[in-house]
Amino acid sequence: MLDRPTIEAPALDATRRGPVKPDLLSVEEAKALDVKTMADLFKDHINPGQFHFMKLLGFHKVKVERAEGMYYIDQNGRKILDFFGGFGSLAHGHNHPRVIAARQRFADENRHEIAIAFLSQYASALARNIAACSPGELDMVFLGSTGSEAMEAAIKVAERASGRKNCKIVHAENSFHGKSKGVLSITDSPLYQGEFKLVGNTYKVPHGDLEALKRVIENDSDIGVVVLETVQGGGGIITAPTEYWQGVRALCDKHNVLWVADEVQCGYGRTGKFYAFEHHGVVPDVTALAKSLGAGKAAVGAMIAKRDVYMKAYGNPKTAMIHAQATFGGIGEACVTAIEGLNVLYDEDLIGNSAETGAYLLERLKAIQAKYPQIIKDVRGQGLMIGLEFQDFSKTLPFALRPMVAMLDDKLKGSLSGFIGAALLRDYDVLVAFTEYNRNVIRLEPPLICDETHVDTFCDALDDLLSRGIVSIVKGFVQSQMG
């Protein structure tokens, strides 16, 4: 537990109407916490198990003092190049000046945050702007705070609009749609699902397998909704070809099934289009955004549905409040932040930059893969959403050691990506991310302001690290844990 100085209890005040103030940390005290105290508080009050993994990667040694553009700056003034990007939450980079200025103006004018009883000009404008960015008839918007909340709204509006009394939902293997209980039922993770009692009206099919999806839909007329990530993030940056997505659209149209595209991570310009499904010339019935919608400064999520779908679900006064916005859906400063963020996204051509710089990143990574094929198994993705998959551990070792280590490959999955991720931070000041299901994959989702110089810095670091060889990388990791 955290040792804190003894503070004498204040003298009782007979005029006080409420309880005595507890021993609370102030904002200035919080800002001044050292790394050890931060770690103690995290273990005592947040998640001691998670701290174990942060310690393995060396993340526990970093106290972020500020963040600017493509960089975190730690307590020692070290600049850390951010190729993690908050799982795609930092399209504009850290603390974009236009976003900061918009939020400051809002605060200076004492504008309202909560507008449950009244119409909000900010929520209305944000919904209109999201509709303007969305193709086809996607123009009805539900505002929330997270991707999970946006996806909960998406599956609920689709289920109600499906017309099935016993509506069933199809999702993909290795899917991730959130951790709240509704979307957890279509998140393909025994770990996250735990032993919770979940919704049972679901089918699971392989991602990208149109024939499997067709068989399931044709064999059960109660199926009313298909939910798919356009690019699977947690699955290891897994895409599917245009023929698949056009087939999904045609299949759903034929059987009067609604298609929900989860774009929480891959949307908002990350793949070089505003929505990833736009690469394939199709439009879903419902979609969802979050992550970078809050411009790196606010928690904002949105469900976007076709008008006819929304009206079938909630289109009259008796049904209008079934899934209306929650208290913090459309909160003022968050909406202002998102409004400015969308304008910056287009004013600075960040979507075009994502496509161009992402292509350069893929080119450089594929060259590194060709140089180290015994270490890198695959490089894949689109725009600035890239997966770097490493070989199973045994295949990276000298031939004499491979048979012995191969028996442990399943248990060692994720170890190599962890060693490399830890070394990139420790020795090269570069931060990367990992994936939930295929633990051999490093996930690269840098801010969309990333340019070729940042790509070169990252790729040069990776190339230099891999040139050491796996044995040296492992030795470095072991030494770091002992130090």
Side-chain angles (χ1 to χ4, degrees), residues 1-10 19-87 89-90 93-95 100 146 179 191-192 296-299 414-436 439 442-447 457-458 461 465 468 472-483:
M1 297 293 289
L2 176 65
D3 292 328
R4 302 194 59 198
T6 302
I7 300 175
E8 291 186 12
V20 174
K21 181 181 179 181
D23 179 17
L24 303 178
L25 292 169
S26 69
V27 172
E28 289 303 312
E29 288 173 321
K31 184 173 72 173
L33 290 175
D34 60 33
V35 172
K36 182 182 182 306
T37 306
M38 290 165 57
D40 289 340
L41 291 175
F42 190 94
K43 289 183 287 185
D44 288 345
H45 302 294
I46 298 180
N47 193 327
Q50 183 180 355
F51 182 81
H52 166 78
F53 295 106
M54 296 175 73
K55 188 174 181 180
L56 282 176
L57 294 166
F59 292 0
H60 71 301
K61 297 178 181 179
V62 176
K63 177 187 177 183
V64 177
E65 291 289 1
R66 65 186 192 279
E68 300 170 3
M70 285 291 298
Y71 295 92
Y72 291 102
I73 297 92
D74 77 359
Q75 71 273 26
N76 301 311
R78 176 173 66 144
K79 294 179 70 174
I80 299 170
L81 180 62
D82 185 6
F83 263 61
F84 182 150
F87 295 121
S89 298
L90 291 161
H94 296 275
N95 289 310
I100 297 296
T146 66
K179 295 181 183 177
L191 173 66
Y192 294 145
K297 298 300 292 184
S415 58
L416 183 55
S417 59
F419 297 155
I420 289 171
L424 284 169
L425 178 62
R426 183 185 68 241
D427 299 336
Y428 299 92
D429 303 333
V430 174
L431 180 66
V432 297
F434 307 94
T435 59
E436 284 88 350
R439 299 190 304 280
I442 280 180
R443 180 175 1 188
L444 306 174
E445 297 184 40
T457 298
F458 167 71
L465 175 60
R468 300 180 190 177
S472 176
I473 291 171
V474 174
K475 282 183 178 179
F477 176 80
V478 172
Q479 290 170 355
S480 73
Q481 294 300 302
M482 296 172 63

Which heavy-atom pair separates [X] from [Y] by the least distance, and what is that distance?
{"X": "Glu445", "Y": "Arg443", "value": "OE2-CD, 2.7 Å"}
{"X": "Arg78", "Y": "Val62", "value": "NH2-CG2, 3.6 Å"}
{"X": "Phe84", "Y": "Val432", "value": "CD1-O, 3.7 Å"}
{"X": "Val35", "Y": "His60", "value": "CG1-O, 3.2 Å"}
{"X": "Tyr72", "Y": "Val64", "value": "CD2-CG1, 3.6 Å"}
{"X": "Leu431", "Y": "Phe59", "value": "CD1-CZ, 3.7 Å"}

[atom2] on [Y] to [atom1] on [X], rounded to 0.5 Å:
{"X": "Phe419", "Y": "Ser480", "atom1": "CZ", "atom2": "OG", "answer": "9.5 Å"}
{"X": "Lys179", "Y": "Thr146", "atom1": "NZ", "atom2": "OG1", "answer": "12.0 Å"}
{"X": "Leu41", "Y": "Leu25", "atom1": "CG", "atom2": "CG", "answer": "7.0 Å"}
{"X": "Asp429", "Y": "Asp82", "atom1": "CG", "atom2": "CG", "answer": "12.5 Å"}
{"X": "Ser472", "Y": "Gln479", "atom1": "OG", "atom2": "CD", "answer": "8.5 Å"}
{"X": "Tyr71", "Y": "Asn95", "atom1": "OH", "atom2": "CG", "answer": "15.5 Å"}

Less than 3.5 Å apart, which donor and acceptor atoms pair up between the side chains of residues 50-58 and the rest of the protein, not counting sequence neighbours?
none

Should [X] and [Y] count as side-chain neighbours, where that means a heavy-atom distance under 4.5 Å?
{"X": "Phe458", "Y": "Leu444", "result": "yes"}
{"X": "Arg468", "Y": "Asp427", "result": "yes"}
{"X": "Lys63", "Y": "Asp34", "result": "no"}

Phe434: ring pair (Phe, Tyr, Trp, His ring centres under 6.0 Å) partners, not counting sequence neighbours:
none

Applying side-chain hydrogen bond (donor to acceptor under 3.5 Å, both in side chains) to Lys475 and not counting sequence neighbours gives none

